[in-house]
K.L.:
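The following block contains the structure, expressed as structure tokens.
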Protein chains: 2
Amino acid sequence: MTTIKDIAKAAGVSVTTVSRALNGYSDVNEKTRKKIIEISKELNYSPNILARGLVMNKSKTIGLLVSGFNKESIKDNFTFEVLSGINQYAAETDYDLVLFNTTSTKQREKTYAQLCRERRVDGVILQGIKTDDPYLQEVVESNIPCVLIDIPIQTENVGFVTTDNIAGAKSAVRYLIELGHKNIAMVNGHDLAFVSQERLEGYKRALSEAGLSFRKELVINGAFEEGKSEEVTHKLLNDYPEVTAVFCASDLMALGSIKAAGKSGRKVPESLSVIGYDDILLSSYVSPSLTTIAQNKQQLGFHAAQQLIEMLEKESAPAHIILETELKIRQSTAGI
Amino acid sequence: MTTIKDIAKAAGVSVTTVSRALNGYSDVNEKTRKKIIEISKELNYSPNILARGLVMNKSKTIGLLVSGFNKESIKDNFTFEVLSGINQYAAETDYDLVLFNTTSTKQREKTYAQLCRERRVDGVILQGIKTDDPYLQEVVESNIPCVLIDIPIQTENVGFVTTDNIAGAKSAVRYLIELGHKNIAMVNGHDLAFVSQERLEGYKRALSEAGLSFRKELVINGAFEEGKSEEVTHKLLNDYPEVTAVFCASDLMALGSIKAAGKSGRKVPESLSVIGYDDILLSSYVSPSLTTIAQNKQQLGFHAAQQLIEMLEKESAPAHIILETELKIRQSTAGI
DNA sequence: CTGAAAGCGCTAACAT
DNA sequence: ATGTTAGCGCTTTCAG
């Protein structure tokens, strides 16, 4: 493996000059630079990024802390799409991505912050972390530049990007109301997800603006899981037969609700309207296809990467970015 | 950021002792070790992995060269599942994953081998690379330990893992034959994919074993894309109305074929049987659900990671691992 | 415009 | 069982 030392020797100059030439400094004779570059090509030189990182105290890598790397998350490939967006932006830069994972096993008892420090990542993107996760606190306090996805924390070195969940949920419920529904239930995720809190708020507001009263017994938690949602929806439809529409905080849960409808003798959309959230791939393929609030997951990742790298490169302040959502009307909803 | 130097000072020993204590060497007094460990915790020490990598000449990272990180690949989340499997294995080790990407832009004109050398990855896993990709050659020749997914190259430092594509394709076609089909077309991917060559071979063998003749005009290429497959299948059904069954080399293409069937006035499975390959998530959700050859993509990744890390740690020789496939009978196929 | 020298944090002979 | 020393490959003052 050739080093700048080898090049220096071959070119008859010092390592300093080689370093400067290769890094595009101006104070080096063009002739020497040309020569050095030529030699470095001949010798098939690649800089040792570890050595550079050691002395410069930065690694040109950004760490990815995603919790959704398991079988569960393959269904809604939220994580993957976010990743794809991050990658898309990062590809245009000279940053590489390192994947940390949360599967806490015996051998891997290190905390996130430790992981980040060890690897000397320049910054971190967090995704899929619950609001009460101790790691979250840790990372936020660690003063590593950091961008959170769907968690609204902003500090001196932490920014975030999310979608407008209140508006999204509101437009979903408003649409159901426009269709004539009056008894609208909600299948939420869980209380520890920021997006759940927001979507609940949107649900409430839409009801209130339409002069409908909020009944907390019509809001149930489906844990963001298809099966759990099926279970709780089934019970709900039994207990409150007046319900004619369900707003689900995720498409996966909407799929579960639709199954539950079948078990309860309801037909979607004729005797029950179901609207989801996310617009995962499955939504347009299932039958009936799912009316849903679409959020652009790739954009989420893209903007997160962009923001982080701008914090790193331009020392810009952490920001909060709120992306818009879009109502996609398909077949799972109908007028009453 | 605390270093072993700080710890050494605090403990009144030399850095060597600290290094040895922390790395679990036996030749250090238990008392001193305890003290050192305690102090290192107090000081919230994390080793600088770059420094360690520099001197040890290894980085404890493995590089991921995947080509499927774009919008296309979100549909069949093959890439994601493989990644998930890799991650699953890696999580149990102290290796981290770094994601390289292929989006060749101006700024990123480095070759894979360069990327790997720069980052000093200890090994690489390649996925989604075409057989004629110059990078493939480069990496194989670079003598970096490497595991290929679905490309059967085995050298001194290159192993691979794949599924038994011949057997898989054969069982798909054999199943169609058992259903009574005689005129069976095949929508293949493209010639530059190893799996396509294998699956074609399986198709031929199944025909031959059943005494059916191979007609090369019934084999068309769908480029592994849904839209392309729809297009070519449409034409095929038009030109050869005697065809009653189609074997597709991927589920995504099977989805396209089913659409084409609709356009051609064929009903699946009543007047056209379609069988896919992969068993992507969509397959069980679409209607009619897709009969297909399932391959375990997570296993693919898992075994790749396992093999690579064993090459790295135990210096075991590169191997080739062939995983089994499974016929999943659903609704898109029927007897004639 | 170029070079000498120091040092980033760590490990590894080689003493002792 | 512990310390001394050298060095991994690179960047960066500081002097010419």
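Reminder, nothing fancy here: chain letters follow the sequence lines and each chain counts from 1. The model shown is predicted, which means the values in this text are computed figures rather than measured ones.
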K.L.:
I want to verify a distance call: between C:dT2, C:dC10, C:dG7, whose nearest atom is closest to the A:V55 side chain?
P.N.:
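The answer is C:dG7, which lies nearest to the side chain.
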K.L.:
Sub-3.5 Å donor-acceptor pair from the side chain of A:R120 to the main-chain atoms of A:R117, do we have one?
P.N.:
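Confirmed, A:R120 side chain pairs with A:R117 backbone.
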K.L.:
Give the rounded distance in Å between these two atoms: CG of A:L54 and C1' of C:dG9.
P.N.:
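Atom CG in A:L54 sits about 6 Å away from atom C1' in C:dG9.
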K.L.:
How close or far is atom C1' of C:dG9 from atom CD of A:E118, stated in whole angstroms?
P.N.:
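Taking CD of A:E118 and C1' of C:dG9, I get 13 Å after rounding.
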K.L.:
Axis-to-axis angle across the helix from C:dC1-D:dG16 to C:dT16-D:dA1, five pairs an end, to 10 degrees?
P.N.:
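Answer rounded to 10°: the end axes differ by 40°.
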K.L.:
Roughly how far, to the nearest 0.5 Å, is CZ of B:F100 from CD1 of B:I125?
P.N.:
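Rounded to the nearest 0.5 Å, the CD1-CZ separation comes to 12.0 Å.
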K.L.:
With no hydrogens and no angle check, just 3.5 Å: does a side-chain donor-acceptor pair link A:T162 and A:D150?
P.N.:
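Side chains of A:T162 and A:D150: pair found under 3.5 Å.
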K.L.:
Say whether, by atom type as modelled, one donor and one acceptor occur between the side chain of A:N23 and the main chain of A:S19 under 3.5 angstrom.
P.N.:
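Yes, the answer is positive, given that a donor and an acceptor are paired below the 3.5 Å cut-off.
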K.L.:
How long is the line joining CZ of B:R117 and C1' of D:dG9, in whole Å?
P.N.:
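Computing the B:R117:CZ to D:dG9:C1' distance gives 15 Å.
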K.L.:
Within the structure shown, what part of the strands sits under 4.0 Å from B:D27 by heavy-atom distance: base, sugar-phosphate, or nothing?
P.N.:
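Base contact - B:D27 has a heavy atom under 4.0 Å of at least one base atom.
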K.L.:
Could you state the NZ-C1' distance from B:K60 to C:dC10, rounded to the nearest angstrom?
P.N.:
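After rounding, the reported distance stands at 16 Å.
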K.L.:
Atom CD of A:E30 and atom P of C:dC1: how far apart are they, to the nearest Å?
P.N.:
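In whole Å, C:dC1 P lies 9 Å from A:E30 CD.
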K.L.:
Answer yes or no: is there an ion pair linking B:K60 with B:D94, defined by an N-O contact shorter than 4.0 Å?
P.N.:
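A salt bridge is present here (some side-chain N lies under 4.0 Å from a carboxylate O).
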K.L.:
With distance as the sole criterion, is a donor-acceptor pair present between the side chains of A:E118 and A:Q114 under 3.5 Å?
P.N.:
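The answer is no; no qualifying pair exists.
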K.L.:
Output, in order, the C-alpha distance, side-chain angles, deciding distance and verdict of side chain to side chain donor-acceptor pair (under 3.5 Å) for A:Q298 and A:S84.
P.N.:
CA-CA 6 Å; A:Q298 288 206 105; A:S84 159; 2.5 Å; yes
K.L.:
Given C:dG9, C:dC10, D:dT12, which nucleotide is nearest the side-chain atoms of A:M56?
P.N.:
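Closest nucleotide to the A:M56 side chain: D:dT12.
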K.L.:
What's the closest nucleotide to the B:R52 side chain, out of C:dC10, D:dC8, D:dC10?
P.N.:
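Output: C:dC10.
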K.L.:
Over how many whole Å does the gap from A:N57 atom CG to C:dC8 atom C1' extend?
P.N.:
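Nearest whole value for this atom pair: 8 Å.
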K.L.:
Give the residues of residues 5-26 of chain B touching DNA chain D, defined as any heavy atom closer than 4.0 Å, sorted by residue number.
P.N.:
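Those residues whose heavy atoms fall under 4.0 Å from DNA chain D, taken from residues 5-26 of chain B in numerical order, are B:G12, B:V13, B:S14, B:T16, B:T17, B:R20.
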K.L.:
Tell me: NZ of B:K31 to C1' of D:dT2, nearest whole Å?
P.N.:
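The answer, rounded to whole Å, is 16 Å.
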K.L.:
Less than 4.0 Å between a side-chain N and a carboxylate O, is that true for B:E38 and B:K41?
P.N.:
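No, B:K41 and B:E38 are not salt-bridged.
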K.L.:
Take the angle between the ring planes of B:F160 and B:H320 and call it parallel below 30°, perpendicular above 60°, tilted in between.
P.N.:
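Taking B:H320 first and then B:F160, their aromatic rings lie parallel (interplane angle under 30°).
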K.L.:
So if I take residues 32-50 of chain A and measure heavy-atom distances to DNA chain D, which residues fall below 4.0 Å?
P.N.:
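When residues 32-50 of chain A is checked for heavy atoms under 4.0 Å from DNA chain D, the hits, listed by number, are A:Y45, A:P47, A:N48.
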K.L.:
Pick the closest DNA chain D nucleotide for B:V28 and for B:A51 by heavy atoms, then say which residue is nearer the 5' end.
P.N.:
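So the residue in question is B:V28.
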K.L.:
Within the 3.5 Å criterion, strictly below it, is a donor on B:E313 or B:Y95 matched to an acceptor on the partner's side chain?
P.N.:
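Short answer, yes.
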K.L.:
Check the distance between D:dC10's P and A:M1's CE and give it to me in whole angstrom.
P.N.:
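Taking atom P of D:dC10 as the reference, CE of A:M1 is at 10 Å.
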K.L.:
Can you name the closest pair of heavy atoms from B:S40 and B:L22 and give their distance?
P.N.:
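That closest heavy-atom pairing would be OG-CD1, 4.3 Å.
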K.L.:
Quick one: CE on A:M1 to CG on A:L43, what's the gap to the nearest 0.5 Å?
P.N.:
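It is 11.5 Å, given to the nearest 0.5 Å.
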